[in-house]
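To keep things clear, I will list the structure first and then write my remarks on it.
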Amino acid sequence: MADFKKSVVYQIYPKSFYDSNHDGLGDLPGVREKLDYIKELGVDYIWVTPFFVSPQRDNGYDVEDYYHIDPRYGTMEDFERLVHEADKRGIRVMLDMVFNHTSSRHEWFRKALAGDEKYKKYYFFRKGKAQGKAPTNWESKFGGSAWEYVPEMDEYYLHLFDVSQPDLNWDNEEVREELRKVIRFWMEKGVKGFRFDVVNLISKRGFEDDEEGDGRGFYTDGPNIHKYLKELNAGSFGKDAEIVTVGEMSSTSLENCFRYAGEDSGELSMVFSFHHLKVDFMGNEKWVLVPADFMKLKKILFDWQEKMEEHNAWNAVFWCNHDQPRVVSRFGSEGKYWKESAKMLATVIHGMRGTPYIYQGEEIGMTNAGFHDIAQYRDVESLNHFRILQEKGLTEADAYRILQVHSRDNGRTPMQWNTDQNGGFTDGVPWMEVNGNYKDINAAQQLRDDDSIFHYYRKLICLRKEYDVIAYGSFQALDGKNPSVLAYRREYEGRKLVVVCNFYGKEVDWECPTGLSGYRCLLGNYQDGEREMEDKIRLRPYEAMILYKEG
Ligand code: GLC
């Protein structure tokens, strides 16, 4: 059995990772070239986001062919070499399966559009409610209606994401078997992990107007979702106990996640949930500016930690991915305490019960893009919302302010390797501008500096391997009402761990409700030798500590 509880996953967005052939786009040989860097960090898995044939409207999350590699990223041989070279270093490869939808250029969808009845049933085609009126009032997650009209057919098709991403009909058994086949194909290639994109949206509840919201209530955690996941498991990855899976769960509930990621539920190994990353939204509305609500953040993180444990289910724990702004810009500080706050945020995640995911660049404290011209943006969701916000009456300047905070492109600027041109990402023209701060923030500099954010992440990963209490311990929130400190306690076979993090740039006194006598500090983000632990401690700005006691 793969011990995913002791593992750490590193996410690679290949387009922005490393360009090996000077065309400005990162590629698979580029990932291979950087395996030693990844190995040094100490992770067990690399999750590589989609590199299948795709028109790239949504950077590969619009798959045209699940069996072939987009030539922009390399060849099948490159992929096989990557798996092999990673394996030599004890790193396994996790692939990203986008099964809620295909690209509209997928052969199935093209046949459907050509009127082939078999393939029409692979998707959701419906008549309009009335002349010029979509079948339901549901909204696309990327803005606008979730239905697209096809005049030749006088029918609409459903797309919960971009118009070029038609939703697959999982109620059709043939579709489900096609998708299981895809997984089996990649298993044959030595893939040892799968991440399933927005997988809790695959079972639709019926097509009616949503009187209360944007439609999500009709397709999130739908009626057959658990059945479909069990079937997928049994008919593909479940045949290999070494394989680790993670489901991306959009707007999900704890009750469903107990089942998705329950130890014996036969569905998935673990789940990504996103409630803790909506604490700077207004309800579900992302395209607004509201300060992050720390108390809410804490409550959500703690609830998910405690309740998932109660139900013997497993979380993926993370701050960053290719859809999120950079965490140090979001919940930490880009200024004086950049380094301390990046390390503090890492501590929060890596001390928790769950499998930590690190997104490329997070381990060196990369910050938001700061783009101020729409020509610098690439993301379809950002481009759509830049227009929609102005249609709603916001000024261009206000629309920019919102994009600078929330755009997914903040997390997608190329990896900053060194001080060479384009941060060493490419010597061609990068597909997206490199963040201007690469001379100060880059991997080469941090590899040399023992006190860097990179080495701090490396130490956190070592601790998880060394101390079973981090991987297997129970979770108990500490001092939940404290307005500036996030703290929790872990316990396993008599060993105890206290993680304490000051979330703000001001000193604060903190008293551990369960006492700290006998604890020693395993890791902290301020350099000072052995520090005597008293029950009451003064935490410096953004200070974080992992304290440990045996017996
Ligand atoms: C997921 C992916 C995101 C993509 C969307 C549609 O949320 O992480 O990047 O745009 O699904 O596939």
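One-based numbering, in listed order, for ligands and for the atoms of each. The first residue of the sequence shown is numbered 1, and numbering continues consecutively from there.
Assignment of His101 to the shell around ligand 1 is supported, since a heavy atom sits closer than 4.0 Å. Ligand 1 lies less than 4.0 angstrom from a heavy atom belonging to Arg412. No heavy atom of Arg57 sits closer than 4.0 Å to any atom of ligand 1. Heavy-atom distances between Arg408 and ligand 1 reach below 4.0 Å in at least one pair.
Remark: Arg205 is not positioned above the aromatic ring of Phe218, lacking an NZ or CZ atom under 6.0 angstrom from the ring centre and at most 45 degrees off the axis. For the pair Lys286 and Phe281, the cation-pi criterion (under 6.0 Å, within 45° of the ring axis) is not fulfilled.
Aromatic ring orientation, Phe318 versus His276: perpendicular (interplanar angle above 60°, classes split at 30° and 60°). Ring pair Phe185/Tyr67 is perpendicular by interplanar angle, where above 60° counts as perpendicular and below 30° as parallel. Note on ring orientation: taking the six-membered ring where Trp is involved, the planes of His101 and Phe161 are tilted (angle from 30° to 60°).
In terms of protein heavy-atom proximity, atom 1 (C) of ligand 1 is closest to Asp197 OD1, 2.8 Å. What sits closest to atom 9 (O) of ligand 1 on the protein, heavy atoms only, is Asp323 OD1, 2.7 Å. The protein heavy-atom contact nearest to atom 7 (O) of ligand 1 is Glu248 OE2, 2.9 Å. For atom 4 (C) of ligand 1, the closest heavy atom belonging to the protein is Asp58 OD2, 3.3 Å.
Within the 4.0 Å heavy-atom criterion, neither part of Phe99 lies near ligand 1. By the criterion of a heavy-atom distance under 4.0 Å, the side chain of His322, and not its backbone, is placed next to ligand 1.
Distances from atom 5 (C) of ligand 1 to the heavy atoms of Phe272, Phe274, Phe161 put Phe161 nearest.
Ligand 1 places these atoms under 4.0 Å from at least one heavy atom of Phe142: 10 (O). The Val198 neighbourhood of ligand 1 comprises atoms 1 (C), 7 (O), 11 (O), with distances under 4.0 Å to a heavy atom of that residue.
Residue Trp170 comes nearest to Phe99 through the heavy atom pair NE1-O, 2.9 Å, listed as atom of the first residue, atom of the second, then distance.
Heavy atoms of other residues, nucleotides or ligands lying less than 6.0 angstrom from CD of Glu188 number 12 at most.
Between the side chain of Trp319 and the main chain of Val348, no donor-acceptor pair closer than 3.5 Å is present.
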### Task
Quick one: do Glu173 and Arg180 satisfy salt bridge (charged side-chain N to carboxylate O under 4.0 Å, His left out)? Show the steps, please.
CA-CA 11 Å; Glu173 156 60 26; Arg180 292 194 291 269; 3.3 Å; yes

